[in-house]
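Both backbone and side-chain heavy atoms feed into the values below; hydrogens, waters and symmetry mates do not.
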Amino acid sequence: PVDIKDELKEIAEGLEISCELIPTERVVIYAHRKGESAEDELTEMADNGPGNNTPKKALERLIRRFQKKPFKPVLED
């Protein structure tokens, strides 16, 4: 678990979040809203280590993007 700011925790609870380390020693973080297609996924890239672009900072940026992204309701038949 990553310790994120309280204001982002509620948004994060509604997301499916995953990540992977790529060969360039960078981390790619993926997220989409639970119940939505992974085709609607947003991504952020981070450096794998300390600095200005840590995975935690990239994760917080990614979650904030969902504050701005309109929610698409899932319609059931």
Check salt bridge (charged side-chain N to carboxylate O under 4.0 Å, His left out) between Glu7 and all other residues, then give those that pass, not counting sequence neighbours. Arg64
Verify, without hydrogens or angle tests, whether Arg33 (side chain) and Asp40 (backbone) share a donor-acceptor contact under 3.5 angstrom. no
Residue pairs meeting side-chain hydrogen bond (donor to acceptor under 3.5 Å, both in side chains), one or both in residues 48-58, sequence neighbours left out, come to Asn53-Arg61
Ala58 to Met45 - nearest heavy-atom pair and separation: CB-O, 3.9 Å
Sequence-distant partners of Glu10, side chain to side chain donor-acceptor pair (under 3.5 Å), two or more places apart: none
Side chain to side chain donor-acceptor pair (under 3.5 Å) with Lys5: which residues, sequence neighbours excluded? none
Of all heavy-atom pairs linking Leu62 and Leu42, the shortest is CD1-CB, 3.6 Å
For Glu36 and His32, the nearest pair of non-hydrogen atoms, with its separation, is O-CD2, 3.2 Å
Work out which heavy atom in Arg26 is nearest to a heavy atom in Asp47; give both atom names and the distance. NE-OD1, 3.4 Å
To check you understand the geometry: which heavy-atom pair defines the closest contact between Ile4 and Glu60, and what is its length? CA-OE2, 3.7 Å
d(Ile17 CD1, Lys34 NZ) to nearest 0.5 Å is 8.5 Å
Under the side chain to side chain contact (heavy atoms under 4.5 Å, CB included) test, which residues partner Glu20, sequence neighbours left out? Ile22, Val28, Tyr30
Smallest heavy-atom separation, Arg65 atom then Thr43 atom, equals NH1-O, 2.7 Å
